[in-house]
Amino acid sequence: MRVPLWLEMDGRRVLVVGGGGVGTRRALWFRQAGAVVRVVGLSFSEELQRRARGDSGLELVELDAGDAEALRPHVEWADIVVVATDNPSVNEAVWRLARSLRRWVNDATDAERTEIVVPYTLDLYGGGLRVAVTTEGRTGVAARHARDRIRECLEGDKGLGTLYEAMWRVKPVLKRLIPRAKDRVPIYYRIDEDSEFQRAVERGSVEEALRAAARVIAREARRLGVETDADRVYEMLRSVEKPISPL
């Protein structure tokens with residue numbers, strides 16, 4: 001059973017076996033996410049060669065991937081191995097070697113045996129909301145259309161945008177005022193369930209949503225013995241800097 005996860009790739013090591021079109025796309029995808037990428041093969045696309053010349057985190061190694069003895073140290077180096085050649089026997093050998101060394105495998109040539117699925121992704125609100133869609137190899141065409149329809153739906157939802165804008169400001173302020181998670185977590189739900197906050201979100205008014213959230217936070221903070229008031233909390237919410245997207 002595959003489970004959906006978001007993985008921090010910064011500094012992780014990815015070995016891509018195959019320097020053609022598929023290998024190029026996977027190598028650059030993982031590199032963009034911050035991984036150190038090594039591509040092995042007998043030839044490499046022009047794009048890979050161009051990008052590798054100016055990027056120390058992208059290494060190209062000319063090697064016959066069918067030579068298990070020569071390939072083994074590269075697989076041992078990697079956290080993730082991407083199988084992406086056009087030779088079925090080589091792909092089989094690479095997959096078996098990676099599995100024997102307990103490395104995570106993304107098999108771009110066989111969806112049924114891949115351990116890591118590369119989904120179609122969608123970023124909204126400056127990268128603050130990220131969506132991944134996959135059919136686990138059954139049909140990429142349908143997955144891509146599903147992603148595009150999700151984009152259309154969410155981009156047109158003004159209330160969701162308002163909710164996002166208000167709540168990413170709420171989190172750091174609540175953490176500052178109320179350090180204990182067991183006291184803090186229920187307050188998120190009380191804000192979301194507050195009728196004035198809900199009406200503000202429906203109207204698409206971030207200003208009104210923040211004022212409603214401030215009233216709830218101030219009330220709950222005082223209940224927990226934290227001296228504050230709605231105006232002060234509102235100013236704290238307004239002063240929160242927008243988070244920077246990791247990509």
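The chain is numbered in sequence order, starting from 1.
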Spell out, yes or no, whether [X] and [Y] are grouped together once hydrophobic residues are joined by side-chain heavy atoms under 4.5 Å, including indirect joins.
| X | Y | result |
| --- | --- | --- |
| V173 | L163 | yes |
| W168 | V131 | yes |
| L5 | V14 | yes |
| V37 | L48 | yes |
| L174 | V233 | yes |

>> Around atom CZ of R144, are there more than 12 heavy atoms from other residues, nucleotides or ligands closer than 6.0 Å?
In response: yes
> What residues form a side chain to side chain donor-acceptor pair (under 3.5 Å) with Q49, not counting sequence neighbours?
Replying inline: none
> With sequence neighbours excluded, what pairs up with E196 under the side chain to side chain donor-acceptor pair (under 3.5 Å) test?
Replying inline: R215
Quick one: does [X]'s side chain get under 4.5 Å of [Y]'s, heavy atoms only?
| X | Y | answer |
| --- | --- | --- |
| T109 | W95 | no |
| V170 | I217 | yes |
| V16 | V81 | no |
| I116 | I80 | yes |
| V39 | E59 | no |

Among all residues two or more places apart in sequence or in another chain, which pass the salt bridge (Lys or Arg N to Asp or Glu O under 4.0 Å) test with [X]?
| X | value |
| --- | --- |
| R180 | D183 |
| R13 | none |
| E220 | R190, R223 |
| R113 | E92, D107, D110 |

Shortest non-hydrogen contact from [X] toward [Y]:
| X | Y | value |
| --- | --- | --- |
| P119 | A132 | CG-CB, 3.7 Å |
| T121 | R147 | O-CD, 3.1 Å |
| L58 | R31 | N-NE, 4.2 Å |
| I178 | A221 | CD1-CA, 4.3 Å |
| T162 | G204 | OG1-CA, 3.2 Å |
| A213 | L237 | CB-CD1, 4.4 Å |

Judged by atom type as modelled, is there a donor-acceptor pair below 3.5 Å linking the side chain of [X] to the main-chain atoms of [Y]?
| X | Y | result |
| --- | --- | --- |
| R169 | V240 | yes |
| R103 | A78 | yes |
| R138 | T135 | yes |
| E115 | V105 | yes |
| S100 | L97 | yes |

Between [atom1] of [X] and [atom2] of [Y], what distance do you get to the nearest 0.5 Å?
| X | Y | atom1 | atom2 | value |
| --- | --- | --- | --- | --- |
| R53 | L60 | CZ | CG | 9.5 Å |
| D64 | L71 | CG | CG | 9.0 Å |
| E136 | T114 | CD | OG1 | 10.0 Å |
| Q32 | M9 | CD | CE | 12.5 Å |
| W29 | N106 | CH2 | CG | 8.0 Å |
| R176 | R184 | CZ | CZ | 14.0 Å |

> What residues, two or more places apart in sequence or in another chain, satisfy ring pair (Phe, Tyr, Trp, His ring centres under 6.0 Å) together with F44?
Replying inline: none
> So L42 and L63, side chain to side chain contact (heavy atoms under 4.5 Å, CB included) or not? Walk me through it.
Replying inline: CA-CA 6 Å; L42 293 175; L63 174 74; over 6 Å; no
> side chain to side chain donor-acceptor pair (under 3.5 Å): which pairs involve residues 65-86, sequence neighbours left out?
Replying inline: R38-H74, R72-E76, T85-N91
> Any side chain to side chain donor-acceptor pair (under 3.5 Å) pairs touching residues 198-212, not counting sequence neighbours?
Replying inline: R203-E208, E207-Y234
Output a table of donor-acceptor pairs, distance under 3.5 Å, between side-chain atoms of residues 224-232 and any protein atom two or more places apart or on a different chain; print 'none' if there are none.
residue	atom	partner	partner atom	Å
T228	OG1	R232	NH1	3.1
D229	OD1	D231	N	3.1
D229	OD1	R232	N	2.8

>> Evaluate E46 against R50 for side chain to side chain contact (heavy atoms under 4.5 Å, CB included), listing each step before the verdict.
In response: CA-CA 6 Å; E46 291 185 4; R50 177 178 57 80; over 6 Å; no
>> I'd like to know whether M167 forms a side chain to side chain contact (heavy atoms under 4.5 Å, CB included) with D192, so could you lay out the CA-CA distance, the side-chain angles of the two residues, the decisive distance to 0.1 Å, and finally the verdict.
In response: CA-CA 9 Å; M167 293 305 290; D192 187 39; 5.7 Å; no
>> If you apply the rule side chain to side chain contact (heavy atoms under 4.5 Å, CB included), what do you find for R12 with V36, and how did you get there?
In response: CA-CA 6 Å; R12 291 292 181 177; V36 178; over 6 Å; no
Could you list the donor-acceptor pairs under 3.5 angstrom formed by side chains in residues 150-161, with sequence neighbours left out?
residue	atom	partner	partner atom	Å
D157	OD1	G159	N	3.1
D157	OD1	L160	N	2.9

> Which pairs with one or both residues in residues 103-148 pass ring-ring contact (aromatic ring centres under 6.0 Å, His included), sequence neighbours excluded?
Replying inline: Y125-Y164
